[in-house]
Amino acid sequence: MAVIQFSQGIDEPKVPDIRLTRAPDGSTGTAVFTFEDPAALAQESTDEITGMYLIDDEGEIITREVKGKFYDGKARVIEARLIMRSPAEWDRFMRFMERYGKDNGLEFTKAN
């Protein structure tokens with residue numbers, strides 16, 4: 001099981017677009033998650049967004065770098081940035097993504 005949450009205890013059903021970058025020496029990396037029209041921003045949602053929580057069998061990965069984007073006066077997009085500061089953090093993130101990808105039908109496409 002691997003899920004993403006914006007409020008602890010409430011799974012986000014929308015699957016994001018995820019962009020990864022990594023330093024050439026593998027020392028650091030960044031993942032940018034873009035959720036279009038996520039459930040966390042639905043009008044009926046009263047839950048406060050407190051961060052992005054990546055939760056799987058190993059535990060949690062947390063980032064507080066979460067922004068909302070507004071279009072026509074309505075919050076429509078959530079963008080979250082996760083910075084990995086070591087090869088161990090990158091490896092942990094990739095294990096989460098492998099589980100999340102299997103659960104949600106995602107596949108990795110390497111840039112040319």
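In what follows, every heavy atom counts, from backbone to side chain, and hydrogens, waters and symmetry copies are set aside. Each residue takes its place number in the sequence, starting with 1.
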Please indicate whether [X] has more than 12 foreign heavy atoms, meaning atoms of other residues, nucleotides or ligands, lying under 6.0 Å from its [atom1].
{"X": "R22", "atom1": "CZ", "value": "yes"}
{"X": "E60", "atom1": "CD", "value": "yes"}
{"X": "E58", "atom1": "CD", "value": "yes"}

If you measure from [atom1] on [X] to [atom2] on [Y], what distance do you get to the nearest 0.5 Å?
{"X": "F33", "Y": "E65", "atom1": "CZ", "atom2": "CD", "value": "12.5 Å"}
{"X": "E89", "Y": "M94", "atom1": "CD", "atom2": "CE", "value": "14.5 Å"}
{"X": "I4", "Y": "I10", "atom1": "CD1", "atom2": "CD1", "value": "15.0 Å"}
{"X": "M84", "Y": "I61", "atom1": "CE", "atom2": "CD1", "value": "8.5 Å"}
{"X": "R99", "Y": "N104", "atom1": "CZ", "atom2": "CG", "value": "14.0 Å"}

Is [Y] close to [X] at the side-chain level, that is, under 4.5 Å between some pair of heavy atoms?
{"X": "L41", "Y": "R76", "answer": "no"}
{"X": "V77", "Y": "T34", "answer": "yes"}
{"X": "K14", "Y": "I78", "answer": "no"}

Grouping I, L, V, M, F, W and Y whenever their side-chain heavy atoms are under 4.5 Å apart, do [X] and [Y] come out in a common cluster?
{"X": "V66", "Y": "L54", "result": "yes"}
{"X": "M52", "Y": "I18", "result": "yes"}
{"X": "V15", "Y": "V32", "result": "no"}

Closest approach of A40 to F6 (non-hydrogen atoms, all atoms of both residues):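 Result for this residue pair: CB-CD1, 3.8 Å.
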
Quick one: does any side-chain atom of [X] pair with a main-chain N or O of [Y] as donor and acceptor, under 3.5 Å?
{"X": "S7", "Y": "E48", "result": "yes"}
{"X": "E12", "Y": "A39", "result": "yes"}
{"X": "T63", "Y": "R81", "result": "yes"}
{"X": "R64", "Y": "T50", "result": "yes"}

Salt bridge (charged side-chain N to carboxylate O under 4.0 Å, His left out) evaluation trace for D57 with R95: CA-CA 10 Å; D57 298 335; R95 289 192 306 274; over 6 Å; no

Geometric class of the Y100/F96 ring pair [parallel <30°, tilted 30-60°, perpendicular >60°]: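 The rings of F96 and Y100 lie parallel, inter-plane angle below 30°.
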
Those residues that, when tested against K102, pass side chain to side chain donor-acceptor pair (under 3.5 Å) (two or more places apart):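 Scan of K102 (side chain to side chain donor-acceptor pair (under 3.5 Å), adjacent residues dropped) gives none.
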
Ionic contact status for K74 with D37, cut-off 4.0 Å: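 Looking at K74 together with D37, the answer is no, because their closest N to O distance does not fall below 4.0 Å.
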
Under 4.5 Å side-chain linkage, directly or through intermediates, the cluster mates of M1: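 Joined to M1, directly or through intermediates: V3, Y53, I55, I62.
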
